[in-house]
Amino acid sequence: MYALVDCNNFYASCERLFQPQLENKPVVVFSNNDGCAIARSDEAKLLGIEMGTPAYQIEHLIKKHKIAVFSSNYTLYGDLSDRIMKILADFTPKMEIYSIDEAFLDLSGFMYDDLFRMGTEIKSTVRQHVGIPVSVGIAGTKTLAKMANRYAKKKDKKLGVFYASDQNLIDEMLHFTKVEDVWGIGRQYASLLKKNGIYTAMDVTKTPEAWMRKYLTVVGQRLWYELKGIPSIEWQHLPAPKKNICTSRSLGKLTDDKSILKEAISNHAATCALKLRNQKSCAKAICVFINTNPHKINLPQYARSVTIEFDTATNLTGEIIQYALKGLDIIFREGFLYKKVGVIVLEIIPENQVQNSLFDCIDRGKNSKMLSAVDKINRSIGKDVVRMASQGFERRYKLRSEHLSFKYTTDINEILKVKI
DNA sequence: TCTGGGGTCCTAGGACCC
DNA sequence: TCTGGGGTCCTAGGACCC
(Lines give C-alpha, C1' and ligand atoms only; values in the text may rest on other atoms or scores of the structure.)
Protein backbone atom coordinates (compact mmCIF):
# COMPACT_ATOMS: atom_id res chain seq x y z
CA MET A 1 0.00 0.00 0.00
CA TYR A 2 1.08 3.52 -0.81
CA ALA A 3 0.04 6.85 0.60
CA LEU A 4 0.26 10.09 -1.28
CA VAL A 5 0.39 13.07 1.03
CA ASP A 6 -0.26 16.37 -0.69
CA CYS A 7 -0.40 19.84 0.84
CA ASN A 8 -3.61 21.71 0.13
CA ASN A 9 -3.02 24.81 -2.02
CA PHE A 10 0.53 24.73 -0.72
CA TYR A 11 1.89 28.19 -1.53
CA ALA A 12 -1.34 29.89 -0.55
CA SER A 13 -1.40 27.94 2.72
CA CYS A 14 2.22 28.96 3.45
CA GLU A 15 1.36 32.63 3.07
CA ARG A 16 -1.74 32.26 5.18
CA LEU A 17 0.22 30.61 7.95
CA PHE A 18 1.87 33.95 8.80
CA GLN A 19 -1.23 36.02 8.14
CA PRO A 20 -3.96 34.12 9.92
CA GLN A 21 -6.44 36.90 9.26
CA LEU A 22 -6.51 35.50 5.71
CA GLU A 23 -8.04 32.23 6.89
CA ASN A 24 -11.23 31.61 4.86
CA LYS A 25 -10.34 34.50 2.56
CA PRO A 26 -9.31 34.30 -1.09
CA VAL A 27 -5.51 34.17 -1.56
CA VAL A 28 -3.57 34.00 -4.81
CA VAL A 29 0.18 33.45 -5.29
CA PHE A 30 1.81 34.61 -8.52
CA SER A 31 4.60 33.00 -10.49
CA ASN A 32 7.97 34.65 -10.93
CA ASN A 33 7.71 38.10 -12.40
CA ASP A 34 4.19 38.25 -10.96
CA GLY A 35 3.18 36.77 -14.29
CA CYS A 36 0.35 34.36 -13.61
CA ALA A 37 -1.56 32.71 -10.78
CA ILE A 38 0.10 29.46 -9.70
CA ALA A 39 -1.58 28.85 -6.35
CA ARG A 40 -5.04 29.72 -5.14
CA SER A 41 -6.86 29.17 -1.88
CA ASP A 42 -10.21 27.36 -2.13
CA GLU A 43 -11.99 30.69 -1.88
CA ALA A 44 -9.99 32.05 -4.83
CA LYS A 45 -10.75 28.91 -6.86
CA LEU A 46 -14.44 29.46 -6.19
CA LEU A 47 -14.13 32.94 -7.68
CA GLY A 48 -13.15 31.27 -10.92
CA ILE A 49 -9.41 31.92 -10.87
CA GLU A 50 -7.80 29.14 -12.85
CA MET A 51 -4.30 27.78 -12.52
CA GLY A 52 -1.93 29.69 -14.78
CA THR A 53 -4.20 32.65 -15.51
CA PRO A 54 -2.17 35.74 -16.45
CA ALA A 55 -2.23 38.32 -13.68
CA TYR A 56 -3.62 41.13 -15.81
CA GLN A 57 -6.68 39.04 -16.67
CA ILE A 58 -7.77 38.77 -13.05
CA GLU A 59 -7.02 42.31 -11.89
CA HIS A 60 -10.69 43.17 -11.79
CA LEU A 61 -11.46 40.11 -9.62
CA ILE A 62 -8.63 40.98 -7.25
CA LYS A 63 -10.00 44.47 -6.76
CA LYS A 64 -13.61 43.45 -6.57
CA HIS A 65 -13.17 40.65 -4.04
CA LYS A 66 -10.18 42.12 -2.18
CA ILE A 67 -8.13 39.03 -2.93
CA ALA A 68 -4.84 38.86 -1.04
CA VAL A 69 -2.02 38.49 -3.57
CA PHE A 70 1.58 37.36 -3.09
CA SER A 71 4.69 37.02 -5.22
CA SER A 72 6.30 33.58 -5.00
CA ASN A 73 8.54 33.25 -1.95
CA TYR A 74 10.40 30.03 -2.63
CA THR A 75 12.70 30.46 0.34
CA LEU A 76 9.70 30.27 2.63
CA TYR A 77 7.95 27.43 0.78
CA GLY A 78 11.13 25.38 0.59
CA ASP A 79 11.75 25.67 4.31
CA LEU A 80 8.18 24.72 5.25
CA SER A 81 8.37 21.83 2.79
CA ASP A 82 11.52 20.52 4.52
CA ARG A 83 9.75 20.61 7.85
CA ILE A 84 6.76 18.69 6.53
CA MET A 85 8.93 16.05 4.85
CA LYS A 86 10.81 15.48 8.11
CA ILE A 87 7.51 14.75 9.86
CA LEU A 88 6.40 12.36 7.12
CA ALA A 89 9.70 10.53 7.35
CA ASP A 90 8.86 9.69 10.96
CA PHE A 91 5.88 7.64 9.79
CA THR A 92 7.76 5.30 7.47
CA PRO A 93 11.40 4.85 6.52
CA LYS A 94 10.49 4.38 2.87
CA MET A 95 9.34 7.57 1.32
CA GLU A 96 9.74 9.41 -1.93
CA ILE A 97 9.59 13.19 -2.07
CA TYR A 98 7.77 13.77 -5.32
CA SER A 99 7.62 17.55 -5.38
CA ILE A 100 7.84 20.52 -3.06
CA ASP A 101 4.39 19.73 -1.65
CA GLU A 102 3.91 16.01 -2.17
CA ALA A 103 5.40 12.73 -1.02
CA PHE A 104 4.66 9.07 -1.52
CA LEU A 105 4.96 6.86 1.56
CA ASP A 106 5.43 3.12 1.25
CA LEU A 107 3.15 1.59 3.85
CA SER A 108 3.83 -2.05 3.10
CA GLY A 109 4.18 -3.95 6.32
CA PHE A 110 1.72 -1.82 8.26
CA MET A 111 -1.52 -3.34 9.51
CA TYR A 112 -4.26 -2.93 6.92
CA ASP A 113 -7.03 -1.79 9.25
CA ASP A 114 -4.71 0.78 10.72
CA LEU A 115 -4.02 2.59 7.49
CA PHE A 116 -7.00 4.90 7.60
CA ARG A 117 -6.16 5.86 11.16
CA MET A 118 -2.57 6.36 10.10
CA GLY A 119 -3.75 8.70 7.35
CA THR A 120 -5.71 10.85 9.77
CA GLU A 121 -2.77 10.88 12.14
CA ILE A 122 -0.42 12.09 9.39
CA LYS A 123 -2.83 14.86 8.58
CA SER A 124 -3.30 16.05 12.15
CA THR A 125 0.41 15.84 13.00
CA VAL A 126 1.45 18.00 10.05
CA ARG A 127 -1.29 20.46 10.82
CA GLN A 128 -0.29 20.68 14.45
CA HIS A 129 3.49 20.82 14.01
CA VAL A 130 3.81 22.97 10.88
CA GLY A 131 0.33 24.40 10.43
CA ILE A 132 -0.19 23.38 6.80
CA PRO A 133 -3.31 21.39 5.84
CA VAL A 134 -2.63 18.19 3.89
CA SER A 135 -4.72 15.47 2.29
CA VAL A 136 -3.89 11.79 2.26
CA GLY A 137 -4.80 9.15 -0.33
CA ILE A 138 -4.01 5.49 0.29
CA ALA A 139 -4.19 2.71 -2.30
CA GLY A 140 -2.32 -0.15 -3.89
CA THR A 141 -0.38 1.72 -6.58
CA LYS A 142 1.06 5.19 -6.91
CA THR A 143 -1.50 6.16 -9.54
CA LEU A 144 -4.40 4.96 -7.39
CA ALA A 145 -2.93 6.69 -4.33
CA LYS A 146 -2.80 9.92 -6.32
CA MET A 147 -6.40 9.38 -7.31
CA ALA A 148 -7.41 8.57 -3.74
CA ASN A 149 -5.81 11.80 -2.62
CA ARG A 150 -7.79 13.80 -5.13
CA TYR A 151 -10.94 11.90 -4.22
CA ALA A 152 -10.35 12.68 -0.55
CA LYS A 153 -10.29 16.39 -1.38
CA LYS A 154 -13.37 16.27 -3.59
CA LYS A 155 -15.45 14.07 -1.39
CA ASP A 156 -14.85 15.36 2.10
CA LYS A 157 -12.16 17.99 2.31
CA LYS A 158 -12.50 18.42 6.05
CA LEU A 159 -11.74 14.76 6.59
CA GLY A 160 -9.12 14.83 3.84
CA VAL A 161 -8.24 11.15 3.96
CA PHE A 162 -9.32 8.38 1.62
CA TYR A 163 -8.26 4.77 1.88
CA ALA A 164 -9.21 2.63 -1.13
CA SER A 165 -9.19 -0.51 0.95
CA ASP A 166 -11.38 -2.78 -1.17
CA GLN A 167 -12.49 -3.16 -4.78
CA ASN A 168 -15.84 -1.45 -4.16
CA LEU A 169 -14.12 1.68 -2.95
CA ILE A 170 -11.61 1.51 -5.80
CA ASP A 171 -14.44 1.19 -8.32
CA GLU A 172 -16.30 4.09 -6.77
CA MET A 173 -13.19 6.22 -7.20
CA LEU A 174 -12.41 4.99 -10.74
CA HIS A 175 -15.95 5.74 -11.76
CA PHE A 176 -15.83 9.22 -10.26
CA THR A 177 -12.50 10.23 -11.82
CA LYS A 178 -12.51 11.64 -15.35
CA VAL A 179 -9.63 10.69 -17.63
CA GLU A 180 -8.22 14.22 -17.65
CA ASP A 181 -7.87 14.06 -13.87
CA VAL A 182 -5.83 10.88 -13.88
CA TRP A 183 -2.14 11.27 -13.04
CA GLY A 184 -0.23 10.79 -16.28
CA ILE A 185 -3.02 11.84 -18.63
CA GLY A 186 -2.59 15.36 -19.91
CA ARG A 187 -4.50 17.42 -22.46
CA GLN A 188 -3.44 15.48 -25.54
CA TYR A 189 -4.08 12.02 -24.17
CA ALA A 190 -7.37 13.08 -22.59
CA SER A 191 -8.73 14.34 -25.88
CA LEU A 192 -7.57 11.19 -27.69
CA LEU A 193 -9.26 8.98 -25.10
CA LYS A 194 -12.51 10.94 -25.19
CA LYS A 195 -12.62 10.76 -28.97
CA ASN A 196 -12.62 7.02 -28.52
CA GLY A 197 -15.41 6.99 -25.98
CA ILE A 198 -13.19 6.62 -22.92
CA TYR A 199 -14.34 9.15 -20.34
CA THR A 200 -13.50 7.89 -16.87
CA ALA A 201 -10.68 6.02 -15.18
CA MET A 202 -13.07 3.09 -15.01
CA ASP A 203 -13.43 3.19 -18.81
CA VAL A 204 -9.65 3.05 -19.12
CA THR A 205 -9.49 -0.19 -17.15
CA LYS A 206 -12.03 -1.65 -19.57
CA THR A 207 -10.00 -0.65 -22.63
CA PRO A 208 -7.81 -3.38 -24.11
CA GLU A 209 -4.20 -3.21 -22.95
CA ALA A 210 -2.96 -3.37 -26.55
CA TRP A 211 -4.97 -0.29 -27.49
CA MET A 212 -3.44 1.70 -24.64
CA ARG A 213 0.01 0.54 -25.66
CA LYS A 214 -0.56 1.41 -29.30
CA TYR A 215 -1.95 4.90 -28.82
CA LEU A 216 -0.45 6.06 -25.52
CA THR A 217 2.89 4.17 -25.77
CA VAL A 218 4.30 2.23 -22.84
CA VAL A 219 3.34 5.15 -20.64
CA GLY A 220 -0.32 4.32 -21.25
CA GLN A 221 0.27 0.63 -20.78
CA ARG A 222 1.88 1.20 -17.40
CA LEU A 223 -0.99 3.46 -16.43
CA TRP A 224 -3.46 0.70 -17.35
CA TYR A 225 -1.70 -1.72 -15.00
CA GLU A 226 -1.54 0.85 -12.25
CA LEU A 227 -5.28 1.45 -12.44
CA LYS A 228 -5.84 -2.27 -12.16
CA GLY A 229 -3.87 -2.28 -8.94
CA ILE A 230 -0.61 -3.71 -10.28
CA PRO A 231 2.30 -1.43 -9.31
CA SER A 232 4.20 -0.51 -12.48
CA ILE A 233 5.87 2.75 -11.67
CA GLU A 234 9.22 2.48 -10.02
CA TRP A 235 9.89 3.52 -6.51
CA GLN A 236 12.64 6.05 -5.93
CA HIS A 237 13.55 5.83 -2.28
CA LEU A 238 16.61 8.03 -2.73
CA PRO A 239 16.32 11.30 -4.61
CA ALA A 240 18.00 10.66 -7.95
CA PRO A 241 20.68 13.21 -8.77
CA LYS A 242 19.48 15.52 -11.50
CA LYS A 243 20.48 14.72 -15.06
CA ASN A 244 20.12 18.27 -16.27
CA ILE A 245 19.96 21.43 -14.26
CA CYS A 246 18.27 24.46 -15.71
CA THR A 247 18.15 28.03 -14.46
CA SER A 248 16.16 30.50 -16.48
CA ARG A 249 14.01 33.53 -15.91
CA SER A 250 12.00 36.01 -17.84
CA LEU A 251 13.62 39.42 -17.85
CA GLY A 252 11.81 42.11 -15.89
CA LYS A 253 11.60 44.21 -19.05
CA LEU A 254 12.06 43.40 -22.72
CA THR A 255 15.56 44.46 -23.71
CA ASP A 256 17.96 44.58 -26.64
CA ASP A 257 20.89 45.52 -24.38
CA LYS A 258 23.48 42.75 -24.59
CA SER A 259 25.13 43.83 -21.35
CA ILE A 260 21.91 43.09 -19.48
CA LEU A 261 21.67 39.65 -21.06
CA LYS A 262 25.31 39.05 -20.09
CA GLU A 263 24.54 39.88 -16.51
CA ALA A 264 21.46 37.63 -16.43
CA ILE A 265 23.28 34.73 -18.11
CA SER A 266 26.20 35.10 -15.70
CA ASN A 267 23.84 34.86 -12.75
CA HIS A 268 21.97 31.86 -14.15
CA ALA A 269 25.29 30.14 -14.87
CA ALA A 270 26.44 30.86 -11.31
CA THR A 271 23.21 29.37 -9.95
CA CYS A 272 23.67 26.23 -12.05
CA ALA A 273 27.25 25.89 -10.77
CA LEU A 274 26.02 26.22 -7.19
CA LYS A 275 23.30 23.61 -7.75
CA LEU A 276 25.96 21.28 -9.18
CA ARG A 277 28.19 21.75 -6.14
CA ASN A 278 25.27 21.17 -3.81
CA GLN A 279 24.57 17.77 -5.35
CA LYS A 280 28.33 17.03 -5.63
CA SER A 281 28.29 16.81 -9.40
CA CYS A 282 30.04 18.26 -12.38
CA ALA A 283 28.66 18.94 -15.85
CA LYS A 284 30.35 18.28 -19.15
CA ALA A 285 28.36 20.66 -21.29
CA ILE A 286 26.23 23.75 -21.17
CA CYS A 287 23.30 24.96 -23.24
CA VAL A 288 22.52 28.67 -23.38
CA PHE A 289 19.25 29.95 -24.80
CA ILE A 290 17.63 33.32 -25.47
CA ASN A 291 14.09 34.12 -26.63
CA THR A 292 12.04 37.09 -27.64
CA ASN A 293 8.47 37.24 -26.36
CA PRO A 294 6.37 34.78 -28.41
CA HIS A 295 3.16 36.40 -27.15
CA LYS A 296 4.04 39.62 -28.93
CA ILE A 297 3.26 38.47 -32.42
CA ASN A 298 3.75 41.91 -33.95
CA LEU A 299 7.41 42.08 -32.85
CA PRO A 300 10.20 40.31 -34.76
CA GLN A 301 10.76 36.90 -33.20
CA TYR A 302 14.03 35.16 -32.48
CA ALA A 303 14.86 32.12 -30.39
CA ARG A 304 18.10 30.25 -30.40
CA SER A 305 20.17 27.97 -28.24
CA VAL A 306 23.67 26.60 -28.42
CA THR A 307 25.33 23.72 -26.63
CA ILE A 308 29.02 23.85 -25.78
CA GLU A 309 31.05 20.87 -24.58
CA PHE A 310 33.62 21.45 -21.84
CA ASP A 311 37.17 20.16 -22.05
CA THR A 312 36.85 18.95 -18.47
CA ALA A 313 33.67 18.37 -16.48
CA THR A 314 33.31 21.19 -13.98
CA ASN A 315 31.23 22.87 -11.31
CA LEU A 316 33.44 25.95 -10.97
CA THR A 317 31.41 29.14 -11.15
CA GLY A 318 33.95 31.23 -13.03
CA GLU A 319 34.57 28.59 -15.65
CA ILE A 320 30.87 27.90 -16.26
CA ILE A 321 30.17 31.61 -16.57
CA GLN A 322 32.93 31.90 -19.18
CA TYR A 323 31.45 29.12 -21.28
CA ALA A 324 27.97 30.59 -20.88
CA LEU A 325 29.09 34.01 -22.10
CA LYS A 326 30.85 32.36 -25.03
CA GLY A 327 27.49 30.74 -25.84
CA LEU A 328 25.73 34.08 -25.66
CA ASP A 329 28.24 35.59 -28.11
CA ILE A 330 27.39 32.84 -30.58
CA ILE A 331 23.63 33.19 -30.49
CA PHE A 332 23.07 36.89 -29.76
CA ARG A 333 21.67 38.98 -32.62
CA GLU A 334 21.15 42.73 -32.60
CA GLY A 335 17.75 44.20 -33.28
CA PHE A 336 15.51 41.98 -31.16
CA LEU A 337 13.79 42.64 -27.86
CA TYR A 338 14.62 39.70 -25.62
CA LYS A 339 12.25 38.34 -23.02
CA LYS A 340 13.83 35.27 -21.52
CA VAL A 341 17.30 33.80 -21.14
CA GLY A 342 18.49 30.63 -19.53
CA VAL A 343 21.30 28.20 -18.91
CA ILE A 344 21.13 24.40 -18.74
CA VAL A 345 24.05 22.29 -17.60
CA LEU A 346 24.09 18.83 -19.15
CA GLU A 347 25.88 15.47 -19.00
CA ILE A 348 26.08 15.58 -15.26
CA ILE A 349 28.41 13.17 -13.48
CA PRO A 350 29.47 12.69 -9.86
CA GLU A 351 32.31 15.06 -9.02
CA ASN A 352 34.60 12.20 -8.01
CA GLN A 353 34.39 10.70 -11.49
CA VAL A 354 35.79 13.66 -13.38
CA GLN A 355 38.52 12.86 -15.84
CA ASN A 356 41.10 15.56 -16.11
CA SER A 357 42.06 16.82 -19.51
CA LEU A 358 45.72 16.59 -20.45
CA PHE A 359 45.96 20.25 -21.30
CA ASP A 360 43.93 21.53 -18.40
CA CYS A 361 45.53 24.63 -16.97
CA ILE A 362 43.07 25.45 -14.20
CA ASP A 363 44.03 24.69 -10.62
CA ARG A 364 40.80 22.88 -9.80
CA GLY A 365 41.70 22.01 -6.24
CA LYS A 366 42.43 25.58 -5.32
CA ASN A 367 39.34 26.88 -7.13
CA SER A 368 37.12 24.35 -5.38
CA LYS A 369 38.42 25.35 -1.97
CA MET A 370 37.81 29.00 -2.75
CA LEU A 371 34.24 28.26 -3.85
CA SER A 372 33.52 26.17 -0.74
CA ALA A 373 34.48 29.20 1.29
CA VAL A 374 32.30 31.44 -0.90
CA ASP A 375 29.36 29.04 -0.61
CA LYS A 376 29.77 28.94 3.14
CA ILE A 377 29.73 32.70 3.47
CA ASN A 378 26.76 33.10 1.16
CA ARG A 379 24.86 30.36 2.93
CA SER A 380 25.44 31.89 6.34
CA ILE A 381 24.20 35.26 5.15
CA GLY A 382 21.37 33.77 3.14
CA LYS A 383 22.22 35.79 0.03
CA ASP A 384 24.90 35.54 -2.62
CA VAL A 385 26.88 38.51 -1.41
CA VAL A 386 30.14 37.09 -2.77
CA ARG A 387 29.81 37.07 -6.53
CA MET A 388 31.76 37.05 -9.78
CA ALA A 389 32.31 40.44 -11.39
CA SER A 390 30.23 39.65 -14.49
CA GLN A 391 27.20 38.91 -12.32
CA GLY A 392 27.01 42.58 -11.43
CA PHE A 393 25.30 44.02 -8.39
CA GLU A 394 22.46 45.98 -9.87
CA ARG A 395 20.46 43.04 -11.19
CA ARG A 396 19.15 45.19 -13.98
CA TYR A 397 17.37 42.18 -15.44
CA LYS A 398 15.49 41.66 -12.22
CA LEU A 399 11.95 40.53 -12.45
CA ARG A 400 9.00 41.95 -10.67
CA SER A 401 7.88 40.68 -7.31
CA GLU A 402 5.83 43.42 -5.83
CA HIS A 403 3.94 41.36 -3.30
CA LEU A 404 6.75 39.41 -1.68
CA SER A 405 6.20 38.26 1.89
CA PHE A 406 8.99 37.87 4.44
CA LYS A 407 11.37 34.96 4.83
CA TYR A 408 9.78 34.33 8.21
CA THR A 409 11.58 31.09 8.96
CA THR A 410 15.03 31.48 7.41
CA ASP A 411 16.17 35.06 7.93
CA ILE A 412 16.60 36.51 11.40
CA ASN A 413 15.91 40.01 10.06
CA GLU A 414 12.54 38.99 8.70
CA ILE A 415 11.26 36.97 11.58
CA LEU A 416 7.69 37.56 12.73
CA LYS A 417 7.35 40.29 15.36
CA VAL A 418 4.64 40.02 17.96
CA LYS A 419 3.37 43.01 19.93
CA ILE A 420 2.52 42.30 23.52
C1' DT B 1 2.13 47.53 -19.63
C1' DC B 2 0.90 42.43 -18.47
C1' DT B 3 1.26 35.09 -20.08
C1' DG B 4 6.51 30.88 -14.76
C1' DG B 5 10.18 27.73 -14.09
C1' DG B 6 12.12 23.28 -13.52
C1' DG B 7 12.01 18.71 -14.47
C1' DT B 8 11.30 13.42 -16.60
C1' DC B 9 10.40 9.87 -19.99
C1' DC B 10 9.52 8.05 -24.63
C1' DT B 11 9.77 7.72 -29.71
C1' DA B 12 11.04 8.54 -34.42
C1' DG B 13 14.37 9.34 -37.47
C1' DG B 14 19.00 10.45 -39.00
C1' DA B 15 23.94 9.42 -38.82
C1' DC B 16 27.07 6.13 -38.68
C1' DC B 17 29.18 1.45 -38.45
C1' DC B 18 30.27 -3.21 -40.34
C1' DT C 1 15.91 0.61 -64.49
C1' DC C 2 18.93 -2.21 -60.79
C1' DT C 3 20.79 0.03 -54.80
C1' DG C 4 21.31 -5.13 -48.10
C1' DG C 5 20.54 -5.82 -43.53
C1' DG C 6 21.25 -5.23 -38.92
C1' DG C 7 22.91 -2.73 -35.31
C1' DT C 8 23.96 1.50 -32.04
C1' DC C 9 23.97 6.17 -30.75
C1' DC C 10 22.28 10.72 -30.73
C1' DT C 11 18.96 14.40 -31.09
C1' DA C 12 14.68 16.79 -31.57
C1' DG C 13 10.31 16.93 -30.34
C1' DG C 14 6.28 15.56 -27.95
C1' DA C 15 4.03 13.90 -24.07
C1' DC C 16 3.66 14.33 -19.11
C1' DC C 17 4.37 16.19 -14.02
C1' DC C 18 4.29 19.99 -10.15
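Being a predicted model, the structure only gives us computed values, none of them experimental.
Residue A/Lys146 has no polar side-chain atom (N or O) positioned under 4.0 Å from OP1 or OP2 of C/dC17. Phosphate contact (OP1/OP2 of C/dC18, side-chain N/O of A/Arg150, threshold under 4.0 Å): absent. Between B/dT1 and A/Lys253, no contact under 4.0 Å exists linking OP1 or OP2 to a side-chain N or O. A sub-4.0 Å separation between OP1 or OP2 of B/dT3 and a side-chain N or O of A/Lys339 is present. An OP1 or OP2 oxygen of B/dC9 is reached within less than 4.0 angstrom by a side-chain nitrogen or oxygen of A/Lys243. Applying the 4.0 Å criterion to OP1 and OP2 of B/dC10, one finds that A/Arg222 has a side-chain N or O inside that range. OP1 and OP2 of B/dC9 both lie 4.0 Å or more from every side-chain N or O belonging to A/Thr217. Proximity of A/Ser248 to the phosphate of B/dG6: a side-chain N or O atom is located under 4.0 Å from OP1 or OP2. Proximity of A/Asn33 to the phosphate of B/dC2: no side-chain N or O atom is located under 4.0 Å from OP1 or OP2.
B/dC18 is paired with C/dG5 under the Watson-Crick or G-U wobble criterion, all donor-acceptor distances under 3.5 Å.
Using a 4.0 Å heavy-atom distance criterion, A/Glu102 is classed as a sugar-phosphate-only contact.
Distances were taken from every side-chain heavy atom of A/Glu59 (C-beta onward) to each of B/dC10, B/dG6, B/dT1; the shortest belongs to B/dT1.
Aromatic ring centres of A/Phe30 and A/Phe70 lie farther apart than the 6.0 Å criterion allows. Aromatic rings of A/Phe336 and A/Tyr302 (six-membered ring for Trp) have centroids within the 6.0 Å cut-off, being under it.
The distance from the CG atom of A/Leu325 to the OG atom of A/Ser266 is 4.0 Å, given to the nearest 0.5 Å.
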- Task: Would you sort out whether A/Lys66 and A/Glu43 count as a salt bridge (charged side-chain N to carboxylate O under 4.0 Å, His left out), showing the intermediate values?
- Result: CA-CA 12 Å; A/Lys66 300 208 171 81; A/Glu43 299 75 17; over 6 Å; no
